[in-house]
Amino acid sequence: MRMNLWNETKSIPISRQMVWEAYQKVRSNQGGAGVDEVSMQEFDADRSKHLYKLWNRMASGSYFPPPVKEVELSEALS
């Protein structure tokens, strides 16, 4: 079997419905800006474009989110 980028990076199919349901959960929990600091209001201003871009990158296996928060162990124990 010949390996290519598609079957090396994509572990499960990501549907548009899955992305929409995740968005609805964030919205219902009054989710805030992520590491990109885009507010929900800004996101919603062009929601379909943002959701499509997110789905497209996740479905192709090219979406690699950055770490959300880094905490030094010594700070956490203080």
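Being a predicted model, the structure only gives us computed values, none of them experimental. Values below: every heavy atom of this structure, side chains too, minus hydrogens, waters and symmetry copies.
- In this structure, Met58 CE and Met18 CE are separated by 7.5 Å, a value rounded to the nearest 0.5 Å.
- In this structure, the side-chain contact (heavy atoms from CB on, under 4.5 Å) partners of Val38, at least two apart in sequence or on a different chain, are Asp36, Glu42, Phe43.
- Note on residues 48-59: no pairs pass salt bridge (Lys or Arg N to Asp or Glu O under 4.0 Å), not counting sequence neighbours.
- With sequence neighbours excluded, no residue satisfies salt bridge (charged side-chain N to carboxylate O under 4.0 Å, His left out) with Arg47.
- Residue pairs that meet the salt bridge (Lys or Arg N to Asp or Glu O under 4.0 Å) test with at least one member in residues 13-27, sequence neighbours left out, are Arg27-Asp44.
- Remark: Tyr52 pairs with Trp55 by the ring-ring contact (aromatic ring centres under 6.0 Å, His included) rule, at least two apart or across chains.
- Within the model, atoms CG of Asn56 and CG of Leu51 stand 12.5 Å from one another, a figure rounded to the nearest 0.5 Å.
- Listed by chain and residue number, Trp20 satisfy the side chain to side chain donor-acceptor pair (under 3.5 Å) test with Gln24 (two or more places apart in sequence, or in another chain).
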